[in-house]
Amino acid sequence: MTVAVPNRSSRLKSAPATHTAEGTRTLAIDIGGTGLKALILDAKGGPLTDRAKVATPRPATPKAVLDALWTLIEPLGDFDRISCGFPGVVTDGVIKTAVNLHPDWKDFPLAQTFVDRTRRPARVLNDAGVQGFGVIEGRGLEMVITLGTGMGTALYIDGHYVPNIELAHHPFRGPKTYEDLVGAAAYAEVGKKRWRKRVHRVIEQILPIFNPRILYIGGGNAKHLKEKLPPQVKITSNVAGLLGGIALWNEPGLAEREKK
Ligand code: BGC
């Protein structure tokens, strides 16, 4: 399925790739259920621009989201490649699910759309997967849970990503899923205190199943967690969602899949 993106006569399409003194410039994009964010990273993953942000348009169809994204990224300047985190299952750069966006995303070739549009290589991964790359140590089994509009899950073994683990939509209590209980809608519905208790229960449930060396909790709502957490649990900065964009290009498994 293809969706026409608006015609841009901008420099993004025509400019040659830049190899400045800082080296490769990576445009890191985070597509979220609430906001779209982007910034440019230097070769070491440090930010070269401010983080640009715009609300996710509703309905969040591919066309509406891409239109908003082009407006967001245009002022950021040129870049050599794109890394994008997407809030759903992503296989070989193609979107498989997008529970918090719009059904039209199913089978949308997002990585190829970026390539066609910008003439730059692009990699797209589940948003929690990208976020984790920004925080993990690369040793043993590390796990990431993100608490935002939805609940993201990511697993890494010695720094290698296990794609598309979707705890969010697994039943947690009766027919209610993890995301039903600790997603942003639940936070708004039951308030901070009850939401925190639920998150603690989620952590208690997850730890003995996956036994991660470290469980990182990220996403916009992680800042609301206060009570003492088990020693292997770490709250991470929300900025990691974009900083993980560099690591996507060092992951051999992803490169192999891209060549197919
Ligand atoms: C999606 C996940 C995503 C998470 C956070 C969930 O609803 O199914 O793929 O990582 O939200 O955005």
[X] to [Y] - nearest heavy-atom pair and separation:
| X | Y | answer |
| --- | --- | --- |
| Phe114 | Thr118 | O-OG1, 2.7 Å |
| Val89 | Thr97 | N-OG1, 2.9 Å |
| Ala60 | Thr56 | CB-CG2, 4.0 Å |
| Asn164 | Gly88 | OD1-O, 4.2 Å |
| Pro121 | Asp80 | CD-O, 3.4 Å |
| Cys84 | Ile31 | SG-CD1, 3.8 Å |

Note, [X] side chain near [Y] side chain (heavy atom, < 4.5 Å):
| X | Y | answer |
| --- | --- | --- |
| Ile214 | Val135 | no |
| Leu167 | Met143 | yes |
| Ile203 | Leu215 | yes |
| Ile29 | Leu72 | no |
| Ile40 | Arg51 | no |
| Val202 | Leu181 | no |
| Val130 | Asp30 | no |
| Phe79 | Thr49 | no |

How long is the span from the [atom1] atom in [X] to the [atom2] atom in [Y], to the nearest 0.5 Å?
| X | Y | atom1 | atom2 | answer |
| --- | --- | --- | --- | --- |
| Asn126 | Thr91 | CG | OG1 | 10.0 Å |
| Lys63 | Asp104 | NZ | CG | 12.5 Å |
| Ile217 | Ile145 | CD1 | CD1 | 6.0 Å |
| Ile165 | Phe210 | CD1 | CZ | 6.0 Å |
| Ile95 | Leu101 | CD1 | CG | 9.0 Å |
| Leu27 | Leu48 | CG | CG | 11.5 Å |

Next on the checklist: Does Arg120 form a salt bridge (Lys or Arg N to Asp or Glu O under 4.0 Å) with Asp78? I'd like the steps, not just the answer.
Outcome noted: CA-CA 10 Å; Arg120 303 286 183 270; Asp78 206 0; 3.2 Å; yes
Holding to ring pair (Phe, Tyr, Trp, His ring centres under 6.0 Å), I want the full list of residues that pass it with [X], two or more places apart in sequence or in another chain.
| X | answer |
| --- | --- |
| Tyr156 | Phe133, Tyr161 |
| His170 | none |
| Tyr216 | none |

Using the test side-chain contact (heavy atoms from CB on, under 4.5 Å), find all partners of [X] that sit at least two apart in sequence or belong to another chain.
| X | answer |
| --- | --- |
| Ala111 | Val124 |
| Ala186 | Arg198 |
| His200 | Glu227, Leu229 |
| Ile246 | Thr26, Leu41, Arg81, Asn250 |

Next on the checklist: I'd like to know whether Met151 forms a side-chain contact (heavy atoms from CB on, under 4.5 Å) with Thr153, so could you lay out the CA-CA distance, the side-chain angles of the two residues, the decisive distance to 0.1 Å, and finally the verdict.
Outcome noted: CA-CA 7 Å; Met151 181 184 118; Thr153 311; 4.0 Å; yes
Next on the checklist: Does Arg25 form a salt bridge (Lys or Arg N to Asp or Glu O under 4.0 Å) with Asp42? I'd like the steps, not just the answer.
Outcome noted: CA-CA 5 Å; Arg25 292 163 65 97; Asp42 67 19; over 6 Å; no
Side-chain donor-acceptor pairs under 3.5 Å in residues 190-197, sequence neighbours left out?
residue, atom, partner, partner atom, Å
Trp195, NE1, Val182, O, 2.9
Arg196, NE, His224, O, 2.5
Arg196, NH2, His224, O, 3.2

Item to check | Contacts of type side chain to side chain donor-acceptor pair (under 3.5 Å), residue Thr34, not counting sequence neighbours | outcome: Thr149
Next on the checklist: Just to verify, what does Gln205 make a side chain to side chain donor-acceptor pair (under 3.5 Å) with, not counting sequence neighbours?
Outcome noted: none
Item to check | salt bridge (Lys or Arg N to Asp or Glu O under 4.0 Å) partners of residues 158-185, not counting sequence neighbours, each pair once | outcome: none
Next on the checklist: Once salt bridge (Lys or Arg N to Asp or Glu O under 4.0 Å) is applied, what residue pairs with a partner in residues 132-141 remain, sequence neighbours excluded?
Outcome noted: Glu137-Arg213, Glu137-Lys234
Next on the checklist: Other residues, nucleotides and ligands only: do more than 12 of their heavy atoms fall within 6.0 Å of CG on Asn211?
Outcome noted: yes
Checklist entry - Is Ile235 reachable from Ile136 through a run of hydrophobic residues whose side-chain heavy atoms are each under 4.5 Å from the next? => result no
